[in-house]
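Working notes for the structure below.
Any value given below was found using the heavy atoms of this structure, including those in side chains, with hydrogens, waters and symmetry copies removed. Below, chain A is the first sequence line, B the second, and so on; all start at residue 1. Because the structure is predicted, anything quoted here is derived from the model rather than measured.
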Protein chains: 4
Amino acid sequence: MKNNLNFPLRGIIPPLVTPLLDNETLDLDGLERLIEHVISGGVHGVFILGTTGEFASLSHLLKYELIKTTCTLVNKRVPVLVGVSDSAFTESVNLARCAAENGADAVVLTPPYYFASAQPELLEYLNRIMPQIPLPLFIYNMPVHTKVMFAPETVISAAEISGIVGMKDSSGNLTYFNQIRYLMKDKCPDFTFMIGPEELLSEFVLMGGHGGVNGGANLFPGLYVDLYKASLAKDFERISKLRQKVIQISTSLYTIGHYGSSYLKGLKCALSVTGVCNDFMAEPFHRFKKPERSRVKEAIAALELD
Amino acid sequence: MKNNLNFPLRGIIPPLVTPLLDNETLDLDGLERLIEHVISGGVHGVFILGTTGEFASLSHLLKYELIKTTCTLVNKRVPVLVGVSDSAFTESVNLARCAAENGADAVVLTPPYYFASAQPELLEYLNRIMPQIPLPLFIYNMPVHTKVMFAPETVISAAEISGIVGMKDSSGNLTYFNQIRYLMKDKCPDFTFMIGPEELLSEFVLMGGHGGVNGGANLFPGLYVDLYKASLAKDFERISKLRQKVIQISTSLYTIGHYGSSYLKGLKCALSVTGVCNDFMAEPFHRFKKPERSRVKEAIAALELD
Amino acid sequence: MKNNLNFPLRGIIPPLVTPLLDNETLDLDGLERLIEHVISGGVHGVFILGTTGEFASLSHLLKYELIKTTCTLVNKRVPVLVGVSDSAFTESVNLARCAAENGADAVVLTPPYYFASAQPELLEYLNRIMPQIPLPLFIYNMPVHTKVMFAPETVISAAEISGIVGMKDSSGNLTYFNQIRYLMKDKCPDFTFMIGPEELLSEFVLMGGHGGVNGGANLFPGLYVDLYKASLAKDFERISKLRQKVIQISTSLYTIGHYGSSYLKGLKCALSVTGVCNDFMAEPFHRFKKPERSRVKEAIAALELD
Amino acid sequence: MKNNLNFPLRGIIPPLVTPLLDNETLDLDGLERLIEHVISGGVHGVFILGTTGEFASLSHLLKYELIKTTCTLVNKRVPVLVGVSDSAFTESVNLARCAAENGADAVVLTPPYYFASAQPELLEYLNRIMPQIPLPLFIYNMPVHTKVMFAPETVISAAEISGIVGMKDSSGNLTYFNQIRYLMKDKCPDFTFMIGPEELLSEFVLMGGHGGVNGGANLFPGLYVDLYKASLAKDFERISKLRQKVIQISTSLYTIGHYGSSYLKGLKCALSVTGVCNDFMAEPFHRFKKPERSRVKEAIAALELD
């Protein structure tokens, strides 16, 4: 397996939202603007078809189109990571092949998420699927949606499977990260650790993590890149100031409305308010209506970002 | 919408396992034997692509093939219900269209199961999808896998949406069923209630439920049909004797191995042991090995069924 | 160990509310009226210091006073069961001794409920505590509050410990009951099974359970006794009519307000509305205010009980 | 309310284990050695009757004796914090009074932990209990045992109740801490934040937390004090080295055995191995047997602490 990534991968890799015109149609202009927006903000890669990209709500055809279009638009300027999670093994393999054919750089995979697997089953699953995956693969720990946490021992074993190059952890549990690192010791020095929750980006990087797959970087890529760099540089004054903004974003933009989907709705609405892309959401979710949209506008104004 | 079902639907409708030769190939002979086996056992319908049918592990192409083949093999002798659950709205609609085109009688739908919906989102989802579903639809309550329970109020509202004709409840919570029935009062007298857990079949029918979608009916269809009939007839001596066998099946066949998947593995292994169909399992699960298979054989022998 | 109970114990044993004037003072008149009310309603015993009795919110001194007063007021007319659950072993033993000294007939014990025990720890706990418990003991399965479910195998083993005579199951899971009964086979024929959730009383008795520890029997003891008797007699017409009332009670009286404590608040309010006892609740909960009390009144009026 | 604490309280405050000879008898010599051990290790206070102190398993009399003895032995050299958590309001008040009478400096309180409270009930509970608590109080967030998480808004409101001076957070969720800090803004600048999980101590202090209530500080107080100081000084080389030891401790000492109680058992066993105090555990738990004890010895030897 060859690829043009250097491991460990480092930096900010936004989990791109999927700009849509309707349930079956990409907002192509929005997608182009979004990609230019994040690349010009200095991100180190993009990740499509993650949770933030509403992957589970998109039809197979739309996923294939999104992979192809994104790879074309990015045009090798930064690495493209493609989510290939599916409850069916074969569909994940098919998505990974599509990603490879279109020149993507890596794929990202959760456990099967309908019928929960036990840890030995999960490890066996990874062992069985990897020979059919033509790109480097990141395991994706997202227990709130998959009901399954990769146990630290499973991660250690997975890291030794050929082709598995890293982990995106969205558990928000830094003790877990610490334990994995301790158990992994000096094995697999190139294994990449990326964190999902942006509120913990700086702590994660200070602890030796390699970067963040942070939803807010769709909106304000430069802010997250700056926080990543400040964390690398251990510039605490700057960390403190930038982290304050990040927490303000998550506290004011992702908590409007009453449901677990508030994060997705708030983020996509903010991207619409700032002119980046359409806020149409794939079923079963729906875009914010006027009152919530007004609150999003106010929250953005209150951020006082440059 | 027209169909040849009478509502409420009544009786035993086995959630068919999906006989497989490998991850992408149906065991066609096994499927035919399975269908003949359950129909000759007196079942009142069949349900494909449910949890027991490993729907979430099958590729889209395989699902389409299974729908077509099953409808052909059943050939209108009993109603065919088709699971159309998918985390993507469009794929559920596509599956339902395929079911209708092949002459199936109804479809069955869980909530989207990756990103959990709140109750108002769930009701809106049903309202949005129903106009695109060309067959009567049963909602499928399966909280252990979907992370979402249909609230009683949501069921009451759903029952008034055109096309929604019933519910399969796999929660195992009879209080929940009692509450829904009480709240529903005299509205929707034709709304069908089917129970998943076979251990509660007789109680459910005694309480006014219409029947069971019980995995064990793949294996011993006559036993479950008899228990259903005894429950309808309030023949307690017979209920007691038959229920004992059902509990013995679930206690001895579904609990081998250590994982949540024991039920699926045990059932498919038993169908192989009894010569009905192949026990190949779709990824990420795998068939029992020899020691577990021996225990399955012993458990079947100990049942002393006629 | 001798006692004047016959096992299996059978019938309706209300988990008495604890009538209070304030956080530290029993409503003695209310307690007397409550006891006379349920005994004249035909109950087969009373159970104090259960979840419905707010045991976890009462001080130790108050618990001792309640045990003594209740035993005196009941005066051997029906068996008195005493909850002795505590997170501390020694306090449970002390409560059991107090119960014995005052002439109570049995005690009831949950697992320790702060730091959850594993099943082997739970069984060892029962083995260690029983030699110090001077009365027959019922294990009390209440997973929603204790975070621990007695595994069926643990129940089977517990049933063979000297002094353990039965189980009160508040899990609401009838499959669980079925499995325990199947696994227990013909061992321990006198082991008593009582069910907590009143919505399942008739099904439980039809399945071979011995009776109910049902909160609503504080309020309408005769209704629950009648339903128990109709279930024993398999009089389905009567079961259907009475169960309807029971479901109406739980649906209309226990669901006012928004919290998990609605059941406790609604029940105690209804006992105040009907003149049985004070509705003061031990901290951290508080009695309903006027609007909720009005709804309780309306719900009682709508019941049209004789 | 007056006291000799300065707020925010800062540093390492070990949650002392409770040295026992049997279920009802303190290991007084062990307690004295433990107190001298941690004070000579430089800790900034001690906390008795926390989760690590097995508070929930101790009888009331033993708790009173422990409070009195500890205050006497500490003799004002460092602040003494006393856990007063109980499922009964009155018992918490009584414990707090005992703490005040014996010269303790503050108390620590979880939510009532049998019947879970909703957030408004929790806030009302704090408002009702504080006028009866004669010492400064820390709220204690321990959702795994209490089933209740203090919502950020509840913490903000609690911080404005007279007498509530800080929070011990054992959720392990640093995003939660970040959100509370953001929402609290400049109000309550003296409100103290202490973290439970020792694996996150340095990150927590780097983020502005005030210190740790870390179980491992019973064993190696100097290590945790040093890590706290290095974190304050932002000495990353030293942080990295010391944190490695802390993770090694939690990974090798707290994970022996199979149950949730492994942490408690491992810690108490290690204190016995190192000659500090008896490893007797209060029911329902029991000390490690020889094989586990050998593993504890090996794990301590492998630490190579000075």
Margin query: Less than 4.5 Å to any heavy atom of chain D: does that hold for the side chain of C/Leu126, its backbone, both, or neither?
Written below: neither
Check: In terms of heavy-atom proximity below 4.5 Å to chain D, should C/Thr110 be classed as side chain, backbone, both, or neither?
Finding: side chain
Margin query: Just to verify, which of D/His60, D/Glu24, D/Glu283 counts as forming a side-chain contact (heavy atoms from CB on, under 4.5 Å) with C/Thr90?
Written below: D/Glu24
Margin query: Using heavy-atom distances under 4.5 Å, tell me whether D/Leu264 contacts chain C through its side chain, its backbone, both, or neither.
Written below: side chain
Can you tell which of [options] has the highest number of heavy-atom pairs within less than 4.5 Å of chain C?
| options | answer |
| --- | --- |
| D/Ala282, D/Pro111, D/Ala116, D/Ser261 | D/Ser261 |
| D/Lys147, D/Glu54, D/His286 | D/His286 |
| D/Tyr259, D/Tyr114, D/Tyr113, D/Phe55 | D/Tyr114 |

Next item on the list: Report the distance from atom CG of C/Asp86 to atom OG of D/Ser59, rounding to the nearest 0.5 Å.
Entry: 9.5 Å
Next item on the list: For the pair D/Phe115 and C/His145, name the ring-plane relationship: parallel under 30°, tilted 30 to 60°, perpendicular over 60°.
Entry: tilted
Check: Nearest heavy-atom pair of C/Ala56 and D/Ser87: which atoms, and what distance?
Finding: O-OG, 2.7 Å
